[in-house]
**Student:** 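Sending over a structure as structure tokens; questions will come in a sec.
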Number of protein chains: 2
Amino acid sequence: MVKRNEQLDRVFGALADPTRRGILEQLSHGESTVGTLAAPHNVSQPAISRHLRVLERAGLIRRERKGREHHIRVDPSSVEEAQDWIAHYARFWKRQFDAVDDYLTKHGKKRKK
Amino acid sequence: MVKRNEQLDRVFGALADPTRRGILEQLSHGESTVGTLAAPHNVSQPAISRHLRVLERAGLIRRERKGREHHIRVDPSSVEEAQDWIAHYARFWKRQFDAVDDYLTKHGKKRKK
DNA sequence: ATTACGCTTAACCATTGGGTTATATATTAG
DNA sequence: CTAATATATAACCCAATGGTTAAGCGTAAT
């Protein structure tokens, strides 16, 4: 009954870090290289290199070697699964939530805004 | 330029763990108590207790003490921010991705799928 | 009053994660 | 050929994470 889904682990795990989210934001403007991606973050280049590896393992980015530079682009397919997971449950969560909210309203208890 | 958003860190971080996602799935069927939530997972009850604390800090659940039991329900508001973050960038990522895909198609290179 | 129950907290351990600097590898430039 | 550039890997450090067992605390049952 314990549903394992390592892909979700990796995608959500990747998104949990601000530097990595920053990189994904940069990539929304288009393909880029490691050095360019690294510039605005004030961590060392090796650190960025490892963030990229995490993103790559999560399937969030693709890398194409062109000479000595690596051209990085985003791959949105793997994020879809995460998006779907949230969307699926959000439906039930919201229903749940609204029901409680209604109950509190009717019974005049501390209605939350 | 490095955009900090600790709330997103916490929400995505919380979702990155299978046990915690499991708990959220259970809660989609309705409010529950700590013991009931713990049952299907084969980790100790204190472990669940800490997972709940993580979820609570991320704003994903609410807790109401009723005598000696804690009644837990999901709070979907904080997940919305995460959902919005993904949705916002997914728009650009997808455009990005489709452009590359088109390019590859036109130039007859290894078209993916 | 005593015991049982539901849950949290504390103390501990092993693993992972994110950072660093130093070194390695491959490619381009001179 | 040599030097510079782009990036990755190695070795290390420290803090955070996820698990455990043992103890604590408030509430309910007897």
Side-chain angles (χ1 to χ4, degrees), chain A residues 2-27 30-74, chain B residues 2-24 26-27 30-73:
Chain A
V2 187
K3 220 183 283 175
R4 291 294 289 119
N5 188 332
E6 306 198 6
Q7 183 59 20
L8 277 184
D9 292 2
R10 280 190 289 260
V11 171
F12 283 130
L15 295 179
D17 182 275
T19 302
R20 287 191 294 262
R21 284 198 308 276
I23 290 174
L24 292 174
E25 295 182 17
Q26 294 173 267
L27 288 172
E31 174 175 309
S32 187
T33 69
V34 177
T36 308
L37 288 170
H41 306 276
N42 55 358
V43 295
S44 66
Q45 178 267 319
I48 296 293
S49 196
R50 290 208 316 197
H51 281 305
L52 289 174
R53 200 175 53 184
V54 171
L55 289 167
E56 201 169 14
R57 290 231 175 99
L60 289 165
I61 62 169
R62 301 274 169 166
R63 177 190 310 249
E64 194 174 346
R65 277 153 241 256
K66 280 185 178 167
R68 61 184 165 184
E69 0 184 86
H70 295 196
H71 288 239
I72 312 286
R73 57 191 161 79
V74 82
Chain B
V2 186
K3 219 182 283 173
R4 292 295 289 118
N5 188 334
E6 306 197 5
Q7 183 58 21
L8 277 184
D9 292 2
R10 280 189 289 260
V11 172
F12 283 129
L15 296 178
D17 183 275
T19 303
R20 286 191 293 260
R21 284 199 307 276
I23 291 174
L24 291 175
Q26 294 173 266
L27 288 173
E31 173 175 308
S32 187
T33 69
V34 177
T36 307
L37 289 170
H41 305 276
N42 56 356
V43 295
S44 66
Q45 183 268 322
I48 297 293
S49 196
R50 289 207 316 193
H51 281 305
L52 289 174
R53 199 174 53 182
V54 171
L55 289 167
E56 201 170 16
R57 290 233 175 98
L60 289 165
I61 62 168
R62 301 274 168 166
R63 178 190 308 250
E64 194 174 345
R65 275 152 243 258
K66 278 185 179 168
R68 59 184 168 184
E69 10 183 77
H70 295 198
H71 289 240
I72 312 286
R73 56 191 161 81

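In what follows, every chain begins at residue 1, and chains take the letters A, B, ... in the order their sequences are listed. None of the values given here were measured: they were computed from a predicted structure.
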**Student:** Report the nucleotide, chosen from D:dT7, C:dC7, D:dG19, that has the shortest atom-to-atom distance to any side-chain atom of A:Gln45.
**Tutor:** D:dT7

**Student:** Can you measure B:Asn42 atom CG to D:dG18 atom P for me and round it to whole angstrom units?
**Tutor:** 16 Å

**Student:** Taking only N and O in the side chain of B:Ser49, is any of them less than 4.0 Å away from OP1 or OP2 of C:dC7?
**Tutor:** no

**Student:** Identify which one of B:Glu31, B:Arg63, B:Arg65 satisfies the side-chain hydrogen bond (donor to acceptor under 3.5 Å, both in side chains) criterion when paired with B:His71.
**Tutor:** B:Glu31

**Student:** Answer yes or no: is there a side-chain heavy-atom contact under 4.5 Å between A:Pro40 and A:Gln26?
**Tutor:** yes

**Student:** For the side chain of A:Pro46, starting at C-beta, report the closest nucleotide among D:dG19, C:dC7, D:dT9.
**Tutor:** D:dT9

**Student:** Hey, does A:Asn5 have a side-chain heavy atom less than 4.5 Å from the side chain of B:Arg21?
**Tutor:** yes

**Student:** Can you tell me how far P of C:dT8 sits from CZ of B:Arg57, to the nearest Å?
**Tutor:** 13 Å

**Student:** I'd like to know if the side chain of B:Glu56 reaches the main chain of B:Arg62, judged simply by a donor and an acceptor atom lying under 3.5 Å from each other, with no hydrogens or angles considered.
**Tutor:** no

**Student:** Tell me the interatomic distance from A:Leu52, atom CG, to C:dG19, atom C1', rounded to whole angstroms.
**Tutor:** 15 Å

**Student:** From the list C:dG18, D:dG26, C:dT8, which nucleotide is the closest neighbour of the side chain of B:Arg68?
**Tutor:** D:dG26

**Student:** Is a side-chain donor or acceptor of B:Arg20 paired with a backbone partner of B:Leu15 at a separation under 3.5 angstrom?
**Tutor:** no

**Student:** From CD1 of A:Ile61 over to P of D:dT7, roughly how many Å is that when rounded to an integer?
**Tutor:** 12 Å

**Student:** Of the options D:dT20, C:dC5, C:dT27, whose atoms approach the side-chain atoms of B:Ser44 most closely?
**Tutor:** D:dT20

**Student:** Side chain of A:Val43, heavy atoms from C-beta onward: which of C:dT8, D:dA28, C:dG19 has the nearest atom to it?
**Tutor:** C:dG19

**Student:** Both A:Gly67 and A:Asp17 contact DNA chain C. Taking the nearest nucleotide for each, which residue is further toward the 5' end?
**Tutor:** A:Asp17

**Student:** Side chain of B:His51 only, heavy atoms from C-beta on: which candidate in D:dT5, D:dG18, C:dT20 is closest?
**Tutor:** D:dG18

**Student:** Which listed nucleotide (C:dT20, D:dT20, C:dG18) is nearest to the side chain of B:Ala47?
**Tutor:** D:dT20

**Student:** With a non-hydrogen cut-off below 4.0 angstrom, is A:Arg50 in contact with a base, only sugar-phosphate, or nothing?
**Tutor:** base

**Student:** Measure CD1/B:Ile48 against P/C:dC7 and give the value in whole Å, please.
**Tutor:** 11 Å

